[in-house]
Amino acid sequence: AVVSTQSTGYNRRSKMNPLWNSIVVAGRDFSGKPYLGYVDMIGVSFTDKSVATGFGSYIAKPMMRKALEENPDMTVEEAKRLMVQYLKILFYHNYHSLN
């Protein structure tokens, strides 16, 4: 899925008509291992243990990396709790940046 999304993004960029979005691809690879990937609007892609888009990549991503370093065997419930915390931080940052 990432390869076709990447090539679509690259082809659209080459025609000077990029898709103005970032795509997160999650699932399982052919061996059954969890897969998490990211493709931006110009076709750049990468895989990682955590991904974020938009402003979340500047604020939430460093916190996600730190949490994964401290607890690499995180449960789904712990991850959900952290994501709610990160979304609150991003919401309040956005809320207070407006007049």
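Residue numbers start at 1 and run along the sequence shown.
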Using side-chain contact (heavy atoms from CB on, under 4.5 Å) as the criterion, list what pairs up with [X], not counting sequence neighbours.
{"X": "F30", "answer": "none"}
{"X": "N21", "answer": "L19, I23"}
{"X": "F55", "answer": "Y58, I59, L90, H93"}

Next on the checklist: For residues 38-59, which residue pairs pass the salt bridge (charged side-chain N to carboxylate O under 4.0 Å, His left out) check, not counting sequence neighbours?
Outcome noted: D48-K61
Checklist entry - Among pairs that include at least one residue of residues 5-30, which meet salt bridge (charged side-chain N to carboxylate O under 4.0 Å, His left out), considering only residues two or more places apart or in two chains? => result none
Checklist outcome for this item: For M41, the hydrophobic cluster (side chain heavy atoms closer than 4.5 Å, chained through members) also holds W20, I42, V44
Item to check | Closest contact, heavy atoms only, G37 versus V51 | outcome: O-CG2, 4.3 Å
Next on the checklist: Please find the pair of heavy atoms, one from S57 and one from P62, that lie closest to each other, and give the distance.
Outcome noted: O-CD, 4.0 Å
Checklist entry - What residues form a side chain to side chain donor-acceptor pair (under 3.5 Å) with S22, not counting sequence neighbours? => result Y38
Item to check | Sequence neighbours excluded, every pair satisfying side-chain hydrogen bond (donor to acceptor under 3.5 Å, both in side chains) that has a member inside residues 79-92 | outcome: none
Next on the checklist: Is there a path of hydrophobic side-chain contacts, each under 4.5 Å between heavy atoms of I/L/V/M/F/W/Y residues, joining M64 to L87?
Outcome noted: no
Pairs of donor and acceptor atoms involving the side chains of residues 66-74, under 3.5 Å and at least two apart or interchain, shall be tabulated with distances.
unit_1 : atom_1 : unit_2 : atom_2 : d
N71    : ND2    : E78    : OE1    : 3.1

